[in-house]
Amino acid sequence: MSIIGERSVIPESLQDTINRVEDSTKECTKLELMLAVCYSRTRDIVEATKSICEKVKIGVIEPNDIDEVLLEQHLWTKGSNAPHVDLFIRT
């Protein structure tokens, strides 16, 4: 289980619980549940872009290195076994 989104707006006690649940389920491989809490796809892309820009600025990567794969590695979904969302329910 993993949580994506802006964790900084979640109360600290809930962040601690989320971290414990993620740590205790990180070895599970049959099913992955990703919950989007305080999540905005636009915000996700903006934050990924900022991160990439910082790396370009300090010379870690070159602008020509930027592609779909690099962007995917900087999104909140990075590290997921399922690189693309199968089902997204917004309430």
Side-chain angles (χ1 to χ4, degrees):
M1 181 174 162
S2 61
I3 305 290
I4 61 170
E6 294 190 61
R7 291 183 182 213
S8 62
V9 300
I10 300 172
E12 203 168 301
S13 61
L14 184 53
Q15 289 182 41
D16 292 340
T17 301
I18 289 168
N19 291 335
R20 283 195 306 275
V21 170
E22 286 178 330
D23 285 342
S24 67
T25 61
K26 66 183 174 187
E27 300 301 322
C28 299
T29 59
K30 291 186 179 189
L31 179 65
E32 181 177 358
L33 175 63
M34 182 179 294
L35 297 177
V37 178
C38 299
Y39 176 81
S40 159
R41 184 66 174 168
T42 303
R43 184 74 176 159
D44 192 2
I45 293 168
V46 167
E47 292 301 317
T49 303
K50 285 180 181 179
S51 178
I52 292 168
C53 287
E54 281 299 317
K55 290 181 179 181
V56 169
K57 183 178 175 181
I58 63 173
V60 174
I61 61 173
E62 293 294 321
N64 288 336
D65 295 336
I66 300 170
D67 60 10
E68 293 87 356
V69 173
L70 184 71
L71 179 62
E72 184 74 32
Q73 293 169 349
H74 287 79
L75 294 172
W76 287 329
T77 54
K78 68 182 174 267
S80 169
N81 291 327
H84 301 287
V85 176
D86 292 325
L87 175 64
F88 194 97
I89 301 172
R90 185 177 298 270
T91 60

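Taking NZ of Lys78 as the start and CG of Asp44 as the end, the distance is 8.5 Å to the nearest 0.5 Å. Annotation: the span from Ser2 atom OG to Leu33 atom CG amounts to 7.5 Å, rounded to 0.5 Å. For the atom pair CD1 (Ile18) and CG (Leu35), the distance works out to 8.5 Å, reported to the nearest 0.5 Å.
Between the side chain of Asn19 and the main chain of Gln15, a donor-acceptor pair closer than 3.5 Å is present. No donor-acceptor distance shorter than 3.5 angstrom exists from the side chain of Asp23 to the backbone of Arg20, with no hydrogens or angles considered.
Cluster membership check: Ile3 shares its hydrophobic cluster with Val21, using side-chain heavy-atom separations under 4.5 Å among Ile, Leu, Val, Met, Phe, Trp and Tyr. Under a hydrophobic clustering in which Ile, Leu, Val, Met, Phe, Trp and Tyr are joined whenever their side-chain heavy atoms come within less than 4.5 Å, directly or via other members, Ile58 and Ile61 fall into the same cluster.
Proximity of Leu75 to Arg41: side-chain heavy atoms (C-beta onward) are separated by under 4.5 Å at one or more points. Here the side chains of Thr77 and Glu72 are in contact, with some heavy-atom distance below 4.5 Å. Side-chain contact between Ile52 and Leu71 is present, with heavy atoms from C-beta onward closer than 4.5 Å. Taking 4.5 Å as the limit, every side-chain heavy atom of Val37 sits out of range of all side-chain heavy atoms of Leu14.
A donor-acceptor pair shorter than 3.5 Å cannot be found between the side chains of His74 and Lys50.
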Handout entry: Worked verdict on Arg7 versus Glu22 for salt bridge (Lys or Arg N to Asp or Glu O under 4.0 Å)
Key = CA-CA 13 Å; Arg7 291 183 182 213; Glu22 286 178 330; 2.5 Å; yes
Exercise for the section: Determine, step by step, whether Ile66 and Val56 satisfy the side chain to side chain contact (heavy atoms under 4.5 Å, CB included) criterion, reporting the C-alpha distance in whole Å, the side-chain angles of both residues, the deciding distance to 0.1 Å, and the verdict. Expected result: CA-CA 9 Å; Ile66 300 170; Val56 169; 4.2 Å; yes
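In terms of heavy-atom proximity, Trp76 sits nearest to Ile4 at O-CG2, 3.4 Å. The two residues Val9 and Glu6 make their nearest non-hydrogen contact at CG2-O, 3.1 Å.
A salt bridge links Arg43 with Glu47: the closest approach of a Lys/Arg side-chain nitrogen to an acidic carboxylate oxygen falls below 4.0 angstrom.
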